[in-house]
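In listed order, ligands and their atoms are each counted from 1.
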Amino acid sequence: MGEAQERTGRRLAAVPPVSPAGGPRPSVTAVAPAKINLHLAVGDARADGYHELVTVYRALDLWEEVTVGFAPEGDDDEVTVSGPGADQVPTDRTNLAARAVDLLRDEAGVDRPVSIGIVKGVPVAGGMAGGSADAAAALVATDRLLGLGLTRSELEERAGRLGSDIPFCVRGGTALGTGRGEELATLLHARAEQFVVVATARGGLSTPAVYAELDRLRAEAAGSGGREQPRVGAVEPLVEALAGDAPAVVAALLGNDLQAAALSLRPELRRTLRAGEEAGALHGMVSGSGPTCLFFCASHDDAIAVATELSGAGVAREVRVARGPVGGARVLDSRDS
Ligand code: C5P
């Protein structure tokens, strides 16, 4: 468990401090969930480099926690990250939580230094939107810290400017995502509880690299005149199945177009997928761009059994049981000066 910490050079604060020097300062802690894609249909690359998606997002109960507080006047901004994989998370201005804070601070015309503390609960570079969840939690926390009072849809609009998955991490639940994933329609009827074993892998995968590999595989198949890369089918049957409470029916309709690309880059994940299915999961699938693997189970007891088998098989770095759907980003705690 690494701890990364860095001070970032930034402008001096112009607004006088609310609290006396050395005294307590206002801070807000918020959480946001991991996402998985129950259905991820990837279209062709657009002119802007993004791919047109049709996806069904679901929020799982793995949480990122972000605390945003005012730092002493004259200090630089500070980003600290703790928890599993923290040493792989940037702490400069490219950090997604820092970008979220910047966006709202600039919009509000506030020029005070902040400290941002991130506690990782979602696998880093694992295809579960851990960085996006940081940004979602940071947006919600900063909105409260600065007293902006933005509506949920105003927060989601700003989230969409920062990244494709961030609006969903704000919203949570289960939602149909279109565009590059940022246009959301909540699937209100999709409420049945789902148990998922989350198996993280050693090392991460870069999302752009996985999309590029999918483009390459598709171009190669088209060029050779051979069989086209298989694509996931229509989303409607899954949306219908999610209205019911039959895990096996839902499991049979799950699909991820990025899986072939993730497996091409990390062939050893096939072994992980096989091990989970042999252990009794209804379906094993790469999560988003990977390399985290997901195993959908019929019950909580089944999920515990699959997780135990997988842990023993040594095919994953870490194995956890998660459940969904859960709500989106929310403030946990708000401390006044
Ligand atoms: O939007 P976000 O910054 O999360 O996307 C990360 C990268 O994933 C993009 O730069 C792009 O390479 C790829 N991506 C894509 N099509 C999408 C979403 C992401 O190609 N719909």
Is the NZ or CZ atom of R323 both under 6.0 Å from the centre of the six-membered ring of F195 and within 45° of that ring's axis?
-> no
K120 and E64 ion-paired at < 4.0 Å | yes
[X]-[Y] side chain donor-acceptor pair, cut-off 3.5 Å:
{"X": "T207", "Y": "S289", "result": "yes"}
{"X": "S299", "Y": "D301", "result": "no"}
{"X": "E182", "Y": "S164", "result": "no"}

Using a strict cut-off of under 4.0 Å between a residue heavy atom and any atom of ligand 1, list the qualifying protein residues by chain and number.
-> G49, Y50, H51, L53, G163, S164, R180, T207, P208, Y211
Nearest heavy-atom approach of R158 to L103 is CG-CD2, 3.5 Å
